Structure formats: structure tokens, C-alpha cells
Colleague: 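Dropping a structure here in C-alpha cells format, bear with me for questions.
Quick caveat, the model's predicted, so the values are computed rather than measured.
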Amino acid sequence: MGGSKPFSVLLALVSCIHVLADNTFGVRDGLHFSLESRAANIDGSVPTYKNPKASIEARVNDLLPRMTIEEKVAQIIQGDLNGWMDLSDPLDDTKTFNQTGLEEMMRLKGGSIWGGYLVPYDKFVFGVTVGQKYLMENTTLGIPALIQSEGLHGFTNKGTIFPSPIGLAASFDPTLVTQVSNVTASEAEGLGINHMFAPVLDLSRELRWGRVEENFGEDPFLTGEIGHAFITGLQSGRRRNASSNAIARVASTCKHFAAFGSPQGGLNLAQVSGGERELRTNFLKPFNRACLDSLSIMTAYSSYDGIPAIANSRKLSFPHLLTDILRNEWGYKYWVTTDAGSVDLLMTLHGTCDTRECAAKTALENGISGEMGGGTYTYLTLPDQIKAGTVDVKYLDATVKGMLSAKFALGLFEDPYPYEDYQSLIRTPASRTVLHQADTESIVLLENRKNTLPLKKNIGSIALLGPQADRVTFGDYVFFNASLAGISPLDGFKQFIANTSSSTKINFAQGCELWSNDESGIPAAVQAAQSSDVAVVMVGTWSLDQTLLWTPGTNATTGEHVDLADLGLVGAQLKLVQAVKATGKPTIVVFVSGKPVAEPWIQENADAVVQQFYPGELGGLAIAEVIFGAVNPSGKLPVSFPRDVGTTPVFYNYLKGSRPIDAGQTLDNGQLKFGHQYVLNSPVPLWSFGHGLSYTTFNYTNLQVSPSKISPTQDFTVTVTVKNTGAVDGKEVVQVYMTDVVSSVVTPNQELIGFQKVDIPAGKSVTVSIKVLSSQLAVWTLGNTWVVEPGAFNIKVGTSDQTFATTSLTVQ
């Protein structure tokens, strides 16, 4: 691994460490292993848990009774690679190994190891190899560890960076998302990483929350489909040398279970209000669709209806989140972990416990399998509590089963090590192709007055302006100095112009900073615009990599723990756009952001508006290709854009009667028109969910629902003919919506129940068929059960300009 002789010497030393046998382990009826070595059967045969041909369940059931209480507890506490490798400086290339730290870490916290650091690959691979080798060869039972990293849009050990999740969702392309996560898994797998903290399935219904960029949007159905695609790509296949019973090569982590993304006031960690119908109708649907095969689930920090997510089970009150729903109703059998430090929050935030013993007991007995670091490791109190009889060991056994099941499902007992050829798996030409497609398909064309876009390739000059023009802006959860791996828009435009042998001149001026009210740079931007044929102004929000995000004195406007009270542009950015537009030159505004930007003036006045959610490494080139028309934009909004923060929430699938409209407004003559909803504003979004324009046009005909009358358990198919009526090829997202006309409880005014992205050449037609499950028509009734109620349903099929073909469906 890395070909370094010092590494080989250290590995040899580790191999000579004494086996840590526990000869005090008591005799139990029916056990078929010796006291001297719990890893062997009395008759000398290979234990079932070491048999790669045995079922996962049989291997778990054989291994569990061989374990001491301390070994079981160590399985469910997160350790840290930094415990035996000096990773304090991500730019330090020295290879510091701590044998004492390794032994102590594995004794107390050897079940899962956090390793999401930017360190030289050979140093990281060495650290993982040493750790796994110690566990496999120098502990009694030889149980390997989960090696963990973040993986929202590429893993945080210098893997390929893709668009942030909100951008991936904008592609409305599950097949592409599967390819993206597949690349992430391949790169991580080679380095020995086998557990990713992704995807996030929270809903973007509270836009002030800082982590909107980590979500797949506001809609439960879209989030579930994109989440399922992401998990499929991440977990598909087997690790090299894994048993035939292994079902995944990298474990995904569905988070944050559940309802975390709608905190009161948009404040991270704040409580979430709602009842069981709200929980099931919106927040749980993505998890139910995507996560039943995910090898782990992470709970939320927050409380829901006054009950902390990590203590939300049968023993407390409805909605029985972790036990009644997740385990009993859904049958989930793998690992549930907390977010970092969550168990301590029962003491420090929620106030439902006053001791570490109470917090550990509460979490364990309510279905939590693992304690992630970041707190005081309250689970270390469990051995004494179990021996004292205050905690029943059955809860510990049940939770360790979930952890062991995940490890056997990954095939780690056969080979948990990094691959010798790991470097050949990272940043390959094939992964670059997937990256490029993801960066282009995540871009959304919001406005295009008088066909301002695309620009002609022989245009004389472009003013490329704004604080996002010469900057690489990634979303959060990327590695230290990640921007060095990306292409800025300025470089992307230069590269595109050079590749097309164009003579177009670029006049660049920044105009202002992202974070400053200083307007002194605006005159230079105005002059650049006046000297050019067209102006492209790039503004927006910004996030930081995880090293900087938690560093005092740094700033960001999106990301974890970065919440907003205002969704408008920060500093002098709007004034820059207004000054450039005042020159009379065609003005194209590009929002580079992790969440919707609420700027009605730009929507009303810009000649074209483009949304680029935080891109991947080729984002700078992708935006140039879209602006010039080398790529026809095909992204759609996974989240609606409010007029300002005061008009939120603005999600499209509001309950009937929740958005009456008698809007106030400013008329062209400057007079004010007073309304009621709102007096001087409107609850109608600037751009709604599903919106996204193209450089071509599409026409929908021959809409049919078959059969048009169904039973409550009968699925149906929506079929429509879509014609590209323009002059260029294009991709269209066919969107199917449903409205339940009359129901026993109030239902949404409309709900997405199907979509499909299709590539249609200019002048051609395709017939699109989308199957819809009858369960998607169900409502959570007053009787607290899902029912597909008889009656009429309106079915709408929409295109990007918000016009619809409609028909009806009857459930009888």
C-alpha cells in the first residue's frame, strides 16, 4: 500500500502485537466455542461467522454470543483515525503512527472509524490498513471496522466533487444521479472507505435553514426517487474478495431521520412542529422509498412535536419513529446511528436527561445503534449500567445486530483493506464524463426574454462580471482547499472560447465582493458592460469547506449551522446588477447559490436569468456551454423561489386553501395596489417547483390514463406524446401531478407522482409512459392508516413553461 518500506516495517510490528483474548468470558448453555479462544469452535471447525458462504443472519447470530459486553459497546461507538494517525495538519505529509493510540481506540471505539480527512492518499491508506489489520489479526474475534467519510457530492478525502445535492436534484435524472454516486463509491472503495454519510433526505420546505444545499428539494416524491437512485449507485456491487452473500460495496447513510429540514425559524437544531399526518404525508415518504435497503440511517438532532428524534419510540409517545415505524412497520434491519454528539443533546439541548447514564439508556432503549463522536461518549457508561441491571442487555444485543449485519452485508470480514491500485480508480476519464453531464444538467434557465440566450458564438465581446465570475464556489462537505480542483466561470469561458476558435473578447470586472457593501468596484463593471455587446453578471450565495466552515472569523451564507433571516443577495450584489442593467446592454444574471435567491427586481428586469446551484469541478465550463448554447439547458427547479423571506413557506404542494391570492403590488405608474394576501406582496413564487426553460419548445398531446377507472389497489399508466417543436435538440422532464378532488382529510392542491427525462431531437416526437402506483394516491386518514379513497382525481402532465395537459382518473 503505497510502496513505502517504513510502512511495511510498521505493518510487521502491528502483526506481532499480542492477541487480546478474554478468558473471563463465562460459559453459556449451547455455546460451541472454547473459553481460551472465542473465535474458534470446540471441535476445531470454522465458526459460522467466519464462513463466507453462510447467510448474514446466521453469521450475526453466531458471532454475537461470542462477544463480551465491552466488545459490543465498542462496536457502537465511533472512533477516529486521528487516534493512531496524526492528521492534525491536512497539508502535513509526514506519516506519524501511534501504537498506543491504536490499541486504546480499538478497545473502546473500534466498531466504526471516522476518516473524512484530506491527507495524502498513501498516508490515509496506511492508516486504514494498519487499523483494519490490527482488528482482523490482533483481536480475539477479528471484527473489522466501518471506515467513514462524508459523501454528499463526492467523498471528503479529495474525491471528485460533483454538484451539491440540490443541483443533482435539479437534473431530474435518477439515472445520472446513480452514475454520480457510483463514481463516488468507486473512488472511496479503493481507499478503504466503506461507509458514507449520504444522502440527505430532508425536505427544503424551510428556506432559511442553512443546509438546503444538501437536500434534494421540497418535494417528497422527487426526494425519494433521487435518494433511491443515489443509494443504488453508492451501494451497488460488491467489494473485491467479498462473500457471495455481500450485497453492497459501500454503505449509504440516509439522514436525518426525520423532519430535520423544517426547524422553527429556520434555525439549525430547532424543534420541528407537526403531527403524525404531517410526518407521514411529507417527511417520512422519502425515507420509506429510498432507505429500506440502505445499510445505515442517521437520526436528526431536533425534536418533533416535543420528542427528540433519538428518543422517539414506543416507550414515549406517538409517532413511535424509531421502533414502531422504522423497525416494526417498515422492517428495517440495519444500523441506526446518531448525528455527531446527539446523545449528549438529551442533556444539553433537549433537557430530557440530567446524566450521561440517562442519555445512554434512553438512546439505546429507543432504537439507536451507534453513537457518533462529537460528545462525551455517553455509551461508555453502558457496561456498568448493564452489569448493575439498570439497562437490559437485550437492547445492546439488538443494536449490535444491526451493526454486524451491515458489516457482513459489505463483505468486510473477507477483506476490509484498501486496494493496491486505488489511484487508478480516482478521477478517471469515465468519471470526468459523468461529472461533465452532472454539471450541465443541473443548470436551470429561469428567464429568457426575447431569446437573449443562447449567445451567438461569434459575438464580439462579453462583460463577465460579479463576485462569482472568477471564483470556484462549491457546496459544503468538501475537502480543504477543494476550490483548487475546480474551474472558475472566467476560466471556463476562456476555455470554451479557445476550444471553439472564437474571437470573442471577455471583459472581466468583479464589481463587488460577495460579503461587502463596498460599491467602489461597480464603476469598473459598468465600464466593462458599456464596452461589451452583452453582460453576464454572476452573483449569489457561498459556502465553505468543512475545515474553514467551523473556523472562527470565517463567513458563509449557506451550509451547516449557517441560517439566514433574509434570502436576498448580500452586500452590494443587487446594486451591481442594477447598475449594469442601467447601461442598456442585454443583461444576463447567473445565480450561483445553494438555495433560492429572493430578488424580484432581477426576475422582473433581467433579460435572462440562469440558476446554477453549487456546481462540481467543471461548473465553470458548464455555465459557459449553456450560455453559448453548446448545451441546451434541461434542469428544473427542485425548490420554489419566494419573492422574499416574508412570503415563505412557498413550496408548491401546499394544502388546499393554504394560499388564497389577493395580492398587493406596485403598478407601472408607481402607485401601490393594496391586497390582502399579502397587503403589498404576493405568496406566488417568482419561479415554482418544476420550472425550467429550454432553447427549444415542447408540445404535449394525446394524454391518456390507462385504465381510467381503477380499484384502490390497482396501478395505472400515464401516457403522453411530446414533440420538440423547436429548431434544436433538447431534453424535457415530463412531470405528472395529481389532485385528490374530494377526500376525508385536507390534501395538497397538487402532488408530483411521476416524472421522466427524455431526449427529443428537433422536430421529433416521443411517446412517454409513466407508471404510477396506486399507493401514491393514498391519504393518512382520521383512522391513522393509509387508504386509497374512492373518487375523482385530476391528472396533469406539465412542461417547463407551467402549461398542462389534463385528464381524470376514477377510483371505484
Colleague: Answer with yes or no whether the side chains of Thr381 and Glu357 bring together a donor and an acceptor at under 3.5 Å.
Modeller: no
Colleague: Quick one: closest heavy-atom pair of Gln78 and Met372, and the distance?
Modeller: OE1-CG, 3.0 Å
Colleague: List the residues meeting side-chain contact (heavy atoms from CB on, under 4.5 Å) with Ala198, not counting sequence neighbours, and say none if there are none.
Modeller: Leu152, Phe230
Colleague: For Phe479, which residues count as a ring-ring contact (aromatic ring centres under 6.0 Å, His included) partner, sequence neighbours excluded?
Modeller: none
Colleague: For Ser273, give me all partners under side-chain hydrogen bond (donor to acceptor under 3.5 Å, both in side chains), at least two apart in sequence or on another chain.
Modeller: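 With sequence neighbours excluded, Ser273 shows a side-chain hydrogen bond (donor to acceptor under 3.5 Å, both in side chains) to Gln271, given in chain and number order.
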Colleague: Sort and list the pairs that fulfil ring-ring contact (aromatic ring centres under 6.0 Å, His included) and have at least one residue in residues 338-378, not counting sequence neighbours.
Modeller: none
Colleague: For Phe408, check ring-ring contact (aromatic ring centres under 6.0 Å, His included) against everything at least two apart and list the hits.
Modeller: Phe413
Colleague: Taking side-chain hydrogen bond (donor to acceptor under 3.5 Å, both in side chains) as the definition, give me every residue that meets it alongside Ser186, ordered by chain and number, with sequence neighbours left out.
Modeller: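 So Ser186 forms a side-chain hydrogen bond (donor to acceptor under 3.5 Å, both in side chains) with Arg249.
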Colleague: Of Arg59, Lys50, Lys53, which meets salt bridge (charged side-chain N to carboxylate O under 4.0 Å, His left out) against Glu414?
Modeller: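 Filter result, single survivor: Arg59.
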Colleague: List in chain and number order the residues that pass side-chain contact (heavy atoms from CB on, under 4.5 Å) with Asp392, two or more places apart in sequence or in another chain; answer none if no residue qualifies.
Modeller: Lys394, Tyr395
Colleague: For Trp209, what residues pass the ring-ring contact (aromatic ring centres under 6.0 Å, His included) criterion, not counting sequence neighbours?
Modeller: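 With sequence neighbours excluded, Trp209 shows a ring-ring contact (aromatic ring centres under 6.0 Å, His included) to Phe260, given in chain and number order.
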Colleague: Within this structure, what is the CE-CH2 distance for the pair Met105 and Trp84, rounded to the nearest 0.5 Å?
Modeller: 6.5 Å
Colleague: Grab the two heavy atoms, one from Ala309 and one from Phe257, that are nearest each other, plus how far apart they are.
Modeller: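 In terms of heavy atoms, the two residues are closest at CB-O, 3.7 Å.
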Colleague: Within the structure provided, determine whether Ile193 and Phe155 are in side-chain contact (heavy-atom separation under 4.5 Å).
Modeller: yes
Colleague: Which residues pass the side-chain hydrogen bond (donor to acceptor under 3.5 Å, both in side chains) test with Lys109, sequence neighbours left out?
Modeller: none
Colleague: Run the side-chain contact (heavy atoms from CB on, under 4.5 Å) test against Ser296 and tell me which residues pass, sequence neighbours left out.
Modeller: His195, Thr253, Trp335
Colleague: In chain order, what residues pass the side-chain hydrogen bond (donor to acceptor under 3.5 Å, both in side chains) check against Lys407, with sequence neighbours excluded?
Modeller: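 Here the qualifying residues are Gln75.
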Colleague: Do you know the tightest heavy-atom contact between Tyr332 and Val336?
Modeller: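 Tyr332 and Val336 have their closest heavy atoms at CE2-CG2, 4.1 Å.
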Colleague: So, Glu276 and Arg280, do they make that salt bridge, N to O below 4.0 Å?
Modeller: yes
Colleague: Residues in side-chain contact (heavy atoms from CB on, under 4.5 Å) with Leu141, at least two apart?
Modeller: Arg38, Ala39, Tyr49, Leu63, Arg66, Met67, Glu71, Ile143
Colleague: May I ask you to check whether Asp43 and Ser45 show a side-chain donor-acceptor distance below 3.5 Å?
Modeller: yes
